[in-house]
Enquirer: 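Sharing a structure below in structure tokens format, with a few things to ask.
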Amino acid sequence: MTTFYTQQGGGEPTHLSAYRLMWMLVTFDLPVETKKQRKAASAFRLHLLDLGFEMSQLSNYLRICNGKEQFDAYIRKIESSLPERGDIFVFQFTDRQYENIIRFSDQSRRKRSKNPEQLALF
């Protein structure tokens, strides 16, 4: 199990539950037929990176959040930068559920990516 901590006013670390921590998966299918559409798709990808998302595949970006409130704040930020056309889906799942993801790559099963050992939020 991964242990996450956050600093509070007194500087003492507080344990965060793997059921409270949320992962966001943003997956999208954006048109790229015209120069304007390619520019919009690139701008959306860059916006996700600026928000702290990590690219897992070309149209799949992941980020960990400290609970539902932070998740909702990121939803608003994503919504404010939606391209004119295309489909965007945002999935949410707990850190505990993230631990159970099974990945296959090049016809073999891959070990699960290691979660961060510590999450420091100020």
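As the structure is a computational prediction, the values presented were derived from the model and not from experiment.
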Enquirer: Would a distance-only check, ignoring hydrogens and angles, find a side-chain to backbone donor-acceptor pair under 3.5 Å from R63 to L51?
Expert: yes

Enquirer: V26 and side-chain contact (heavy atoms from CB on, under 4.5 Å): which partner among I78, L62, I75?
Expert: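 Only match with V26 under side-chain contact (heavy atoms from CB on, under 4.5 Å): I78.
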
Enquirer: Once salt bridge (charged side-chain N to carboxylate O under 4.0 Å, His left out) is applied, do any residues pair with D72, and if so which ones, sequence neighbours excluded?
Expert: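 Scan of D72 (salt bridge (charged side-chain N to carboxylate O under 4.0 Å, His left out), adjacent residues dropped) gives K68.
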
Enquirer: Show the nearest heavy-atom pair for residues I64 and Q70, with the distance to one decimal.
Expert: O-OE1, 4.5 Å

Enquirer: State the CZ-CG distance between R38 and L30, to the nearest 0.5 angstrom.
Expert: 13.0 Å

Enquirer: For T27, enumerate each residue passing the side chain to side chain donor-acceptor pair (under 3.5 Å) test, keeping only those at least two apart in sequence or located in another chain.
Expert: N60

Enquirer: Determine the minimum heavy-atom distance between P31 and R85, stating which atoms define it.
Expert: CD-O, 3.7 Å

Enquirer: M55 and L58: which non-hydrogen atoms are nearest, and at how many Å?
Expert: SD-CA, 3.9 Å

Enquirer: Answer whether the closest heavy-atom distance between the side chains of I101 and F93 falls below 4.5 Å.
Expert: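 Yes, their side chains come closer than 4.5 Å.
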
Enquirer: State which residues pass side chain to side chain donor-acceptor pair (under 3.5 Å) with S81; sequence neighbours excluded, sorted by chain then number.
Expert: H47

Enquirer: Which pairs count as ring-ring contact (aromatic ring centres under 6.0 Å, His included) when at least one residue sits in residues 70-91, sequence neighbours excluded?
Expert: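 Non-adjacent pairs meeting ring-ring contact (aromatic ring centres under 6.0 Å, His included): zero.
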
Enquirer: Keeping Q97 on the side-chain end and T94 on the backbone end, is there a donor-acceptor pair under 3.5 Å?
Expert: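 Such a contact is found between Q97 side chain and T94 backbone.
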
Enquirer: Quick one: do L48 and L25 end up in the same hydrophobic cluster if we chain Ile, Leu, Val, Met, Phe, Trp and Tyr together by side-chain heavy atoms under 4.5 Å apart?
Expert: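 No, no single cluster joins them.
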
Enquirer: Once salt bridge (charged side-chain N to carboxylate O under 4.0 Å, His left out) is applied, do any residues pair with E33, and if so which ones, sequence neighbours excluded?
Expert: none

Enquirer: Listed by chain and number, what are the side chain to side chain contact (heavy atoms under 4.5 Å, CB included) partners of S80, not counting sequence neighbours?
Expert: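 Checked S80 against side chain to side chain contact (heavy atoms under 4.5 Å, CB included); zero matches.
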
Enquirer: Checking R45 now: which residues fulfil side chain to side chain donor-acceptor pair (under 3.5 Å) with it, not counting sequence neighbours?
Expert: none

Enquirer: Considering residues at least two apart in sequence or located in another chain, which fulfil the ring-ring contact (aromatic ring centres under 6.0 Å, His included) criterion with F28?
Expert: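 ring-ring contact (aromatic ring centres under 6.0 Å, His included) list for F28, sorted by chain: F44, Y61.
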
Enquirer: Heavy-atom distance under 4.5 Å between the side chains of Q92 and M22, does that happen here?
Expert: yes

Enquirer: Could you tell me whether R76 and E79 have a side-chain N and a carboxylate O separated by less than 4.0 Å?
Expert: no

Enquirer: Is it the case that one hydrophobic cluster holds both L49 and I88, taking links as side-chain heavy atoms less than 4.5 Å apart, direct or via other members?
Expert: yes

Enquirer: Just verifying a value: how many Å separate C65 SG and L21 CG, rounded to the nearest 0.5 Å?
Expert: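 Output value for this atom pair is 9.0 Å.
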
Enquirer: Report the residues that fulfil side chain to side chain donor-acceptor pair (under 3.5 Å) with K39, sequence neighbours left out, ordered by chain and then residue number.
Expert: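 Applying side chain to side chain donor-acceptor pair (under 3.5 Å) to K39 gives none.
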
